[in-house]
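Shown next, in structure tokens, is the structure this report addresses.
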2 protein chains.
Amino acid sequence: MEKYKLGDKVFDCPVGLASNAINGKWKLQILNLLSQEECMRYGNLKRRIEDVSEKMLIQHLRELEQDGLIERKLYPEVPPRVEYALTEVGRQIIPVIVALKQWGQLFRI
Amino acid sequence: MEKYKLGDKVFDCPVGLASNAINGKWKLQILNLLSQEECMRYGNLKRRIEDVSEKMLIQHLRELEQDGLIERKLYPEVPPRVEYALTEVGRQIIPVIVALKQWGQLFRI
DNA sequence: CGGAATCCATTATGATACTG
DNA sequence: CAGTATCATAATGGATTCCG
């Protein structure tokens with residue numbers, strides 16, 4: 001039986017792997033913003049995703065980075081600048097975001 | 001500003017709504033199975049999704065039902081038979097599942 | 001600016017046993 | 001067969017404070 005591997009986690013099904021990768025209260029919104037902007041600074045992400053706490057934002061960014069969907073670029077300036085961007089693998093998930101957004105549009109009021 | 005509503009929950013962004021609807025460890029796998037089979041019995045879902053506990057499976061099925069993505073059909077027979085199927089709204093999320101599955105295939109080993 | 005550290009409350013998930 | 005009920009643990013979320 002075929003297997004699917006992300007980091008050190010192994011799944012029996014591609015949907016299970018994908019589900020695990022995007023599972024998290026803010027992950028899809030992070031990916032959505034990054035899919036539109038080439039790259040984005042931490043503070044900008046924080047402002048665009050209202051209600052997210054710094055802790056959760058950082059935590060999700062770290063997980064997405066570990067899973068290879070995004071990359072973190074640190075510019076050692078003063079004040080420090082950190083930019084997040086989709087990786088090649090991350091960009092390949094954009095069709096999912098697009099489809100998801102279209103589905104969500106069905107519920108517009 | 002436009003709003004998006006699912007049940008009694010209101011979101012500012014379609015991705016936020018969609019993210020909320022599919023958020024759950026097993027929800028995408030449930031939707032994936034139901035997208036392939038017309039309808040499926042509880043016990044069959046249970047067998048196909050290995051490792052899911054009865055509690056979580058039922059809980060996720062209930063939530064998907066409340067959100068209008070799936071419907072539960074009870075046939076008052078002995079022994080009882082319960083079938084789950086995608087609703088019209090649920091079927092419209094299939095492109096998401098397809099895209100997600102394709103993305104997951106990238107990690108095949 | 002972009003975090004880290006800590007404490008605490010709430011949810012989510014799971015294992016097991018039991019039932020109409 | 002298709003669930004419930006109970007108990008327990010793990011994960012998540014939020015507030016606050018501090019740092020280079």
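In what follows, every heavy atom counts, from backbone to side chain, and hydrogens, waters and symmetry copies are set aside. Chain naming here is simple, since letters A, B, ... match the order of the sequence lines and numbering starts at 1 in each. This one's a predicted model, so the numbers in the text were calculated from it and none came from an experiment.
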**OP:** Scan residues 88-109 of chain B for pairs that pass ring-ring contact (aromatic ring centres under 6.0 Å, His included), counting only residues two or more places apart or in two chains.
**Re:** B:Trp103-B:Phe107

**OP:** Take the protein atom CZ of A:Arg48 and the nucleotide atom P of C:dG2, then report the distance between them rounded to whole Å.
**Re:** 15 Å

**OP:** Report the distance from atom CD1 of B:Ile58 to atom P of C:dG14, rounded to the nearest whole Å.
**Re:** 15 Å

**OP:** Only pairs at least two apart or in different chains count here, so list each side chain to side chain donor-acceptor pair (under 3.5 Å) that has a residue in residues 6-24 of chain B.
**Re:** B:Lys3-B:Asp12, B:Lys9-B:Asn20

Original post:
In terms of hydrophobic clustering (I, L, V, M, F, W, Y; side-chain heavy atoms under 4.5 Å; direct or indirect links), are A:Leu74 and A:Leu69 co-clustered?
Top reply: yes

Subject >> Taking every non-hydrogen atom, the tightest pair across B:Leu61 and B:Ile70 >> reply: O-CD1, 3.5 Å

**OP:** With sequence neighbours excluded, tell me which residues meet ring-ring contact (aromatic ring centres under 6.0 Å, His included) with B:Tyr84.
**Re:** none

Original post:
According to a 4.5 Å side-chain heavy-atom criterion applied to Ile, Leu, Val, Met, Phe, Trp and Tyr, with indirect links allowed, do B:Leu106 and A:Phe11 form part of one hydrophobic cluster?
Top reply: yes

Original post:
Short question: side chain of A:Thr87, backbone of A:Glu71 - any donor-acceptor pair under 3.5 Å?
Top reply: no

Subject >> Shortest non-hydrogen separation from A:Gly104 to B:Tyr4 and the atoms involved >> reply: O-CD2, 3.6 Å

Side-chain donor/acceptor pairs under 3.5 Å, residues 41-60 of chain B, sequence neighbours excluded:
unit_1	atom_1	unit_2	atom_2	d
B:Lys46	NZ	B:Val52	O	3.2
B:Arg47	NH1	B:Gly43	O	3.4
B:Ser53	OG	B:Met56	N	3.3

Original post:
Which heavy atom in A:Ala21 sits nearest to a heavy atom in A:Asp67, and how many Å separate them?
Top reply: CA-OD2, 4.2 Å

Using atom types as modelled, flag every donor-acceptor pair under 3.5 Å from a side chain in residues 25-36 of chain A to any protein atom, sequence neighbours excluded.
unit_1	atom_1	unit_2	atom_2	d
A:Lys27	NZ	A:Glu63	OE1	2.8
A:Asn32	OD1	A:Gln36	NE2	3.3
A:Asn32	OD1	A:Lys101	NZ	2.9
A:Ser35	OG	A:Asn32	O	2.6

Subject >> Within residues 86-98 of chain A or reaching into it, pairs that qualify as salt bridge (Lys or Arg N to Asp or Glu O under 4.0 Å) - sequence neighbours excluded >> reply: A:Glu88-A:Arg91

Original post:
Of all of residues 67-86 of chain A, which get a heavy atom below 4.0 angstrom from DNA chain D, listed by number?
Top reply: A:Pro80

Original post:
In degrees rounded to 10°, what angle is found between the helical axes fit to the five outermost pairs at each end of the helix from C:dC1-D:dG20 to C:dG20-D:dC1?
Top reply: 60°

Original post:
Which residues, if any, of residues 32-47 of chain A bring a heavy atom under 4.0 Å of DNA chain C?
Top reply: A:Arg41, A:Tyr42, A:Gly43

Subject >> Nucleotide C:dG3, atom C1' - distance to CZ of A:Arg62 in whole Å >> reply: 8 Å

Subject >> Spacing between A:Leu61 atom CG and D:dT12 atom C1', to the nearest angstrom >> reply: 16 Å

**OP:** List for me each residue that meets side-chain hydrogen bond (donor to acceptor under 3.5 Å, both in side chains) alongside A:Glu77, sequence neighbours excluded, and say none if there are none.
**Re:** A:Arg81

Find every protein N or O atom lying less than 3.5 Å from an N or O atom of nucleotides 10-13 of chain C, and list the pairs.
unit_1	atom_1	unit_2	atom_2	d
C:dT13	OP1	B:Lys25	N	3.2
C:dT13	OP2	B:His60	NE2	3.3
C:dT13	O4	B:Lys55	NZ	2.8

